[in-house]
Amino acid sequence: MNGRKKFWGVLGLFVALVMGAVAVVVWQAMEGVTALDDQAFGWLQKQLVLAMSLLFCLGAVLVHIWAWLDRVLLKPLANVSHALEVMTHLDPLGPIHLEPGNLLGSLPHTAQQLGESLFHARRQVREVLANSAPQMERLETVVKYLPVGFVVINAQGTIILYNQAAQNLFRQRQDYLGLGQSLYRLCARIPVETTMELLRREKTTDGLIQGGVQFYCAGMDNAVMLDCTMSSFPGDAEETLYFTITFAEVTSKVAARRWNEQLIRFVLEDMRNPMANLQAAAETLVHNADMDASTQKGLMQVVLEEGRAISRQLEQMAWEANTLPLGRGENLVDILTSDLFAALARQLEKYPRPVLNGVGEPLWIHADVPALLMVLAVLMQKIADNTGTSEIEAQALMGNHRIYLDFIWPGIPIPAHEVENWLRLALPLGGSVTSLEEILRRHGGDLWSQRHRQPGYAMLRLPVAPSSRQWQPLLQTIQERPEFYDFSLIKPFEMLGRKVGLGLDKLTYVVFDTETTGMQPSKGDEIISIAAVRIVNGRILLGESFSRLINPGRTIPAESTRIHGITQEDVKNRPMIDEVLPQFRSFIGDSVVVAHNAAFDMRFLQLKEARLGIRFDSPVLDTLLISVYLHEEATDHTLDAIARRLGVEIRGRHTAMGDTLVTAEVFLKLIHLLKTRGITSLGLTMKLSESMVQIRRQQARANY
């Protein structure tokens, strides 16, 4: 039942109820009336006729009012509804036919504007799709014909993308390769999950693993050995990670490398006896120069034959080595020991004991990370079983051309024969079984237990190769400040009081900016400089400014100093943040706060509110969000980019006062542009800022 039928149904029900009530009243009245004379009965009839006439007239008036409301309100609304349905699904520019005299006011015009906006939006989408189609086709072709298998998985190992090379690589298990299928039905789980743990650790630390993590992995049918490289990228949610993996089959290369190692071992074993015989004969000849000619000749023959045997062994070794395909070197990557220990600790969480605690300064090592983690996990459990300890400390120390990984516990050292037994343990690695000793040998290391320098403690020491990065300065990319898309600064409009309706040119503003020790206020970074300037009646009042250097109470990282130029010496004798922020709150007063990427700066302030007993609850406007609204076609909304678009000269960039003045000039120009769009009040400006938050999130997902 549509709205009009319901509308008339209500009237019909009302009339029926009234008529029923009248009938009941008349019936009861007639029942209670005793015998009347003709004159009295005639009077009663007249009264009933008059009452019925009045009821009829009232009903007619009510029906007339109902019909008028239907004509000027309900019927036009139905027409608008039908027109909007046509505009939505068929023709956005379709007309809305209405009779004059309706009570819809500007609704039809607004609906027509919505249709025009929908038409233009659809046209823009078609143009974008048309322009991006060739690029998308080329990207699809590139991924399709990559020479290595390419797979994208989520944190659970579910496949969400793969290419043709991956199909060819896993051809023996083709039924298990598909979207929504588990990667672990195609290759071994442990190396993949171990590497994913490392990349999760990389996301939350400064020890970045450059270029992803490389590892070997066996196919589930043990028919292929895979050389893999895994990288991660963020998903929609803050804590979500996705992983890309490239696969290359290296079965023959790995087999060649292992055969090469075995060949060397076998040849050395075969050469041991000839070398011993050769050495004995030579020593006899040297120390017995007066021996008879027959004995001397026999010894010379031994030297000749054993020399020939050694020569044949070397030639055979060279021939076999030349027939083997060349393989890649060891699967070693650079990693910080802090990341290694953290990944190991997470692996050990699966077991009742021990708990691993990393201590000391991190060092760079060069290691086959998945293999080394497997070895260390086994060793930690062996230590716990042998000593009964439930907690082990892990520390990295610089040694003689090596880095020592020390694992320390309270008690006595492990006996040497027990450590020898551990070295012979068999471990599954890369689709085959290898010994713990072989994995350590590939790292050029050894293993022993000894007393620790602290009395009452012992340790297990494992030497590993250092990375060349250990002696190189850590290079970090200087990035723009992160944008906080959870923009919680927009206050409910009822909290703004009369300011909601005030014109933008009637308000007083305080534009501010900060410089900080880093980009993570929730993780201990602090403000080291804050500056602000007041805007009144569209004028920047340089005489009403606020500028302070602040002692952060912590070290200023060198990479931050490279950005803003503020050193530890500059802030050594400056006031602390607890003294400066109340002064800054007083400077703001009742003004509207303005900043670029305001959530970043405001977060530093809000984290101090509870401790200092102050609140930064002023209305906040963000030049970044206003720019997104005004210049929706632009993809760059950094302060530099906006200033260039608006013709604002950039001075003193990456200083608090310099950025404040640039932001103030940008803001005044943005206000002028807002007026041309009909946005003239604070309430409307804050409302459009709210709508831009979602758009900005979508742009971030698209890597704008």
Side-chain angles (χ1 to χ4, degrees), residues 205-206 360-362 473-482 484 489 509-535 540-589 591 593-618 620 639-640 650-665:
T205 65
D206 295 329
E361 292 296 322
L474 183 61
L475 299 178
Q476 294 187 352
T477 302
I478 298 175
Q479 300 177 342
E480 282 288 331
R481 287 178 171 180
F484 288 66
L489 303 176
Y509 304 92
V510 168
V511 185
F512 85 103
D513 184 71
T514 64
E515 299 299 334
T516 64
T517 59
M519 306 298 178
Q520 297 178 304
S522 299
K523 295 185 178 181
D525 282 320
E526 297 285 353
I527 299 173
I528 55 177
S529 176
I530 187 168
V533 67
R534 202 179 306 278
I535 294 179
I540 300 173
L541 304 181
L542 296 178
E544 293 188 31
S545 61
F546 183 94
S547 180
R548 300 285 191 279
L549 284 174
I550 301 169
N551 186 339
R554 55 160 293 178
T555 303
I556 301 175
E559 57 268 25
S560 297
T561 298
R562 286 200 299 271
I563 298 174
H564 46 59
I566 301 174
T567 66
Q568 204 74 39
E569 188 66 23
D570 295 331
V571 299
K572 183 173 62 174
N573 298 318
R574 300 293 179 170
M576 304 290 285
I577 191 70
D578 292 8
E579 178 181 344
V580 173
L581 280 193
Q583 299 172 358
F584 179 59
R585 182 64 187 89
S586 299
F587 179 80
I588 293 174
S591 302
V593 173
V594 179
H596 183 79
N597 190 15
F600 175 83
D601 300 282
M602 291 299 295
R603 182 61 175 160
F604 280 92
L605 306 184
Q606 291 168 340
L607 286 174
K608 308 296 182 184
E609 287 180 338
R611 192 177 81 230
L612 300 181
I614 57 177
R615 287 186 58 80
F616 293 92
D617 52 1
S618 305
V620 179
L639 184 58
D640 292 329
I650 298 175
R651 302 178 302 273
R653 187 72 172 100
H654 292 303
T655 65
M657 183 53 76
D659 287 355
T660 294
L661 293 176
V662 172
T663 303
E665 293 187 40

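Quick note: numbers below take in every heavy atom, side chains included, and nothing from hydrogens, waters or symmetry partners.
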- Set of residues satisfying side-chain contact (heavy atoms from CB on, under 4.5 Å) with respect to Glu579, sequence neighbours excluded: Pro575, Gln583
- Exam field: side chain Thr660 to backbone Ala531, donor-acceptor pair closer than 3.5 Å: yes
- Would you check if the side chain of Glu609 reaches a backbone N or O of Phe616 as a donor-acceptor pair within less than 3.5 Å? yes
- Message: Can you give me the closest heavy-atom contact between Arg585 and Asp617, atom names plus distance?
- Response: NH2-OD1, 3.3 Å
- Message: Quick check for you: to the nearest 0.5 Å, what is the distance between Ile577 atom CD1 and Arg548 atom CZ?
- Response: 11.5 Å
- Taking atom types as modelled and ignoring hydrogens, do the side chains of Asp525 and Thr516 form a donor-acceptor contact shorter than 3.5 angstrom? no
- Message: Which heavy atom of Ala664 sits nearest to which heavy atom of Val511, and what is that distance?
- Response: N-CG1, 3.8 Å
- Task: Measure from NZ or CZ of Arg534 to the centre of the six-membered ring of Phe587, then state whether that distance is under 6.0 Å and the direction lies within 45° of the axis.
- Result: yes
- Message: Quick check for you: to the nearest 0.5 Å, what is the distance between Arg615 atom CZ and Leu605 atom CG?
- Response: 12.5 Å
- Check Gly518 against Phe600 and note the closest heavy-atom contact, atom names and distance. O-CZ, 4.1 Å
- Task: Please confirm whether the backbone N or O of Leu639 pairs with a side-chain atom of His596, one donor and one acceptor, at under 3.5 Å?
- Result: yes
- Message: I'd like to know if the side chain of Thr517 and the backbone of Glu526 have a donor-acceptor N/O pair within less than 3.5 Å.
- Response: yes
- Message: Testing the basics here: between Ala532 and Val510, what is the closest heavy-atom pair and its distance to 0.1 Å?
- Response: CB-CG1, 3.8 Å
- Verify, without hydrogens or angle tests, whether Asn551 (side chain) and Met576 (backbone) share a donor-acceptor contact under 3.5 angstrom. no
